[in-house]
Chemist: 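Quick one: this structure, given as structure tokens, is what I'll be asking you about.
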Amino acid sequence: MAIKRKNTMSGSLSKKGKELDVDKLKEQVKNLHSKPEKAEKLTKDEKERIIRLSIDAPESVYWEMKKRVLHDRLTVKKYVLKLIRKDLGME
């Protein structure tokens, strides 16, 4: 059995003799296209804002890194952060 939804955009469109509620439709479109505010991501240890990092790597380096990650049972993120911290003397 289908569930009837209330306050949907289709509910604002005209149906058999009902007038179109333009203001209600505009509000629903605005809500549909607005992005919710993102909360800052915090790690348990660092308690600071996270910044995304992406790199392009040669395929040979990528596959060797993946082998190491699998061998050490780490995630790529943990592996890269470990290398960066070690290089910067932050361990």
Chemist: Roughly how far apart are Lys78 NZ and Asp72 CG, rounded to 0.5 Å?
Modeler: 12.5 Å
Chemist: Rounded to the nearest 0.5 Å, what separation is found between the NZ atom of Lys24 and the CD atom of Glu27?
Modeler: 11.0 Å
Chemist: At their closest point, which heavy atom of Thr75 faces which heavy atom of Val69, and how far apart are they?
Modeler: C-CG1, 3.9 Å
Chemist: Would you call Glu64 and Lys67 a salt bridge, taking side-chain N to carboxylate O under 4.0 Å as the test?
Modeler: yes
Chemist: Report the distance from atom OH of Tyr79 to atom CG of Leu70, rounding to the nearest 0.5 Å.
Modeler: 11.5 Å
Chemist: Looking at CG of Leu53 and CD1 of Ile51, how far apart are the two atoms once the value is rounded to the nearest 0.5 Å?
Modeler: 9.5 Å
Chemist: Identify whether Met90 and Leu81 are in the same connected component of the hydrophobic contact network (ILVMFWY, side-chain heavy atoms under 4.5 Å).
Modeler: no
